[in-house]
Protein chains: 2
Amino acid sequence: MDRSTRPVRLADVAKAAGVSHGTASNVFSHPEIVREEVRERVKATAEAMGYAGPDPKGRLLRAGKVNAIGVATNEPLSYFFDDPFARVMMASISQACDATGAGISLVSAANSEHLAWNIQSALVDGFIVFCIEGDSRLVELARERKLPFVALDLDSENQSVAAIGVDNIAGAGLAARHLAELGHRRFAVLTLPCAEDGHGPITQAQAETSLYAGTRDRLRGYLGELSRFGIEVSQVPIYETVNDEESVWAGLDHIFAGAEKPTAILAMSDKMALHALDWLRRHDIAVPGDVSVVGFDGVPEGATSKPPLTTVAQPIAEMGHRAVKAILENDGASSRQLMPVDLVVRASSGPCPVKS
Amino acid sequence: MDRSTRPVRLADVAKAAGVSHGTASNVFSHPEIVREEVRERVKATAEAMGYAGPDPKGRLLRAGKVNAIGVATNEPLSYFFDDPFARVMMASISQACDATGAGISLVSAANSEHLAWNIQSALVDGFIVFCIEGDSRLVELARERKLPFVALDLDSENQSVAAIGVDNIAGAGLAARHLAELGHRRFAVLTLPCAEDGHGPITQAQAETSLYAGTRDRLRGYLGELSRFGIEVSQVPIYETVNDEESVWAGLDHIFAGAEKPTAILAMSDKMALHALDWLRRHDIAVPGDVSVVGFDGVPEGATSKPPLTTVAQPIAEMGHRAVKAILENDGASSRQLMPVDLVVRASSGPCPVKS
DNA sequence: ACCTATCCTTGGATCGATTCAAGAATTTGC
DNA sequence: GCAAATTCTTGAATCGATCCAAGGATAGGT
């Protein structure tokens, strides 16, 4: 009867040891209420039969709680370890989980079919959804599980979605004002994706119809503040990137190919800003001598880049902690929390160079 | 009957829709074999009752496969996102998982009681164990689950443990020889932990009794090669660190307090080596002018540090891929794979300065 | 009409454990 | 020595689904 693998069940052990499965269960889960002699006998039998201990699969069904929270994203799984923002966020999420003994399940999928299935079949007590690029489908799928749930980012227009995010408009405004006050008048904007996998130069109108509210809000924040300084925002080149080196560099190639070269670059993520610094260094453009760069996020890499990056810092650690708290406490209140952002001025921004 | 939450079961939906639970199950799992009219009716009923779809908990028990692999460590969960080596390894593990559609469960625990429980109750199809610091208890617990299993590191003496690791002795030897060939004769070694939470200066004899075979082997590799160059290894200061900035800096404080200052530092991890570079810069000690530093691991940060770090690179990506493959294929063969290491010479090592 | 083939639907068995009310065995009290 | 109290043990019920053999209904062929 020994097929390739032999699944020894608790019941098998019980029978072999001559006790009921109820008692056998107690041996493992409530050893103190089983007479020592019996306990030892059952344990010895289990050992002899190669029983690996109560299978969590069975226990789970009865207990109901998985004791793990799921973190879901649209990006490939490696996003959690590659992207600086995600990394910091995950570090704070994992601290909070450690404190409560909860585990973490990373959920993702390359294609959207898998995504649906992965979300639907994830064994978790709740979801934290990374919707950095605001995929509402992801949010929808997660909500359908009817588990405790919180989105990281207030992208969704749907006010009923519990979410933790930052004030993108105000944050972008801070960045724009900082540069404008330094005297800059010729700007360029590097955006996060507006459409699925879109990249290339776009118009303000196109950006306004962005699928992703986060991108849209940051852009509004930038342009709104700039126009307050009398800058003709329709002239500001806007280049859509997918937040990677290639598209950022392509964007800068494009932006600096024109006659009116900008003196200030607004980047919607630190990652983009850091790639931009690389590009500028390779093109012997001084930062902040010739061009100032301001990022968005406040990742630690920004503090040690060359030059250190001026950026709009999100309270990432605090957001992570709150997200975990929201899942674990699940007080039903689908709260939307708006966290404050902070302009961190470092060396990548400086006064506008005098006109040559 | 409506307690705080109402758990709607598939059976409830089936009854309400007037079909058997078997048919209801098919509506969700094999929609194509259910007559359309029935299918729609059941789906509508489910919707109306607030049924969230088949609960994976139930499905799991029947199906047996979780479709997730567990990655376990002794460190806090945030280790996966903070430590450079872990990050690179996790990135490659997650790539491999993405390719097969598997999820990742991070398992850890602050204290060892939790550890046991977390390992025992983790819902996974197999374990990859990060035993960078070679905790054999962790390995033991994971093996007891009798799931596919592979340790990252060949620490364990137990040859029956499936493991993927590098040739620590040979790798350390490469580093030592490189420096010796550059003319260095006064060395210092920064080790990974030898005992639980130990740190401070230790003797060679103490290090030889290290709990952790990885630490021991690297030390053997270092000292073995050095003695081949006629260096009196008993005079080489060995300082045990816990792989963080504080203990590395304390180690260097101690090492450089002596009269015979070393010209070459062998660090058992890149993380330590990078902290050492920071310390040296702060003390205005030129690298490699006054002191050469060689790390171990080959993390990407080493390529961009100041100066770029000479190191013994592990094929981290390849190891991650193989680990996942080993779990998913689980061909029973508890193989021990020894991966080759590679000396990567960058700017942190140079000729020994002429004696002053 | 009757028989057969097709297509759904049914209900029971199963996955692997936990829990609990009730019963058996042992000990204690008088 | 018998009833009561105590302590374990038992076996059935449950968790939430999937699977499968068997049966029912419908349609088509003659």
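Of the candidates D/dG11, C/dC15, D/dG16, the closest approach to any side-chain atom of B/Arg9 belongs to D/dG16. Residue A/Ser25 places its side chain closer to C/dT18 than to any other of D/dC19, C/dT18, D/dG16. If you check D/dC8, C/dT10, C/dT19 against the side chain of A/Arg35, the one that comes closest is D/dC8. Comparing D/dT10, D/dG11, C/dG12 by their closest approach to the side chain of B/His21 singles out C/dG12. Set against D/dT18, D/dG16, C/dG11, the side chain of B/Asp55 has D/dG16 as its closest nucleotide. Distances were taken from every side-chain heavy atom of A/Val38 (C-beta onward) to each of D/dT9, C/dT9, D/dG16; the shortest belongs to D/dT9.
In this structure, CZ of A/Phe28 is placed 13 Å from C1' of C/dG16, rounded to the nearest angstrom. A/Glu32 has its CD atom 10 Å from the P atom of D/dC8, to the nearest Å. Atom C1' of nucleotide D/dT7 and atom CD of A/Glu37 are separated by 14 Å, given to the nearest angstrom. The separation between A/Asp12 atom CG and C/dT14 atom P is 13 Å, rounded to whole Å. What separates CG of A/Leu123 from P of D/dA17 is a distance of 13 Å, to the nearest Å. Following rounding to the nearest Å, A/Leu61 (CG) and C/dT14 (P) show an atom-to-atom distance of 17 Å. Rounded to a whole Å, the CZ atom of B/Arg39 is 15 Å from the P atom of C/dC7. Put simply, CD1 on B/Ile33 is 12 Å from P on C/dT10, counting in whole angstrom units.
Between B/Val34 and B/Gly58, the residue anchored closer to the 5' end of DNA chain C is B/Val34, taking for each the nucleotide with the nearest heavy atom.
The side chain of B/His30 contributes no N or O atom lying less than 4.0 Å from OP1 or OP2 of D/dT18. Put simply, A/Tyr51 has no side-chain N or O that comes within less than 4.0 Å of OP1 or OP2 on C/dG16. One finds no side-chain N or O of B/Ser20 lying less than 4.0 angstrom from the OP1 or OP2 phosphate oxygen of C/dT9.
Relative ring orientation between B/Phe81 and A/Phe81 is described as parallel, the plane-to-plane angle staying below 30° on a 0-90° scale split at 30° and 60°.
Inter-residue side-chain proximity for B/Leu106 and A/Phe80 is flagged as unmet; no heavy-atom pair is nearer than 4.5 Å.
At most 12 non-hydrogen atoms from other residues, nucleotides or ligands lie less than 6.0 angstrom from CD of A/Glu36. In A/Glu47, the CD atom is not crowded: 12 or fewer heavy atoms of neighbouring residues, nucleotides or ligands sit closer than 6.0 Å. Summarising the local packing, NZ of A/Lys146 is surrounded by more than 12 heavy atoms from other residues, nucleotides or ligands at distances under 6.0 Å.
Among the atoms of the strands shown, base atoms are found under 4.0 Å from some heavy atom of B/Thr23.
A donor-acceptor contact under 3.5 angstrom links the side-chain atoms of B/Arg62 to the base of C/dT14.
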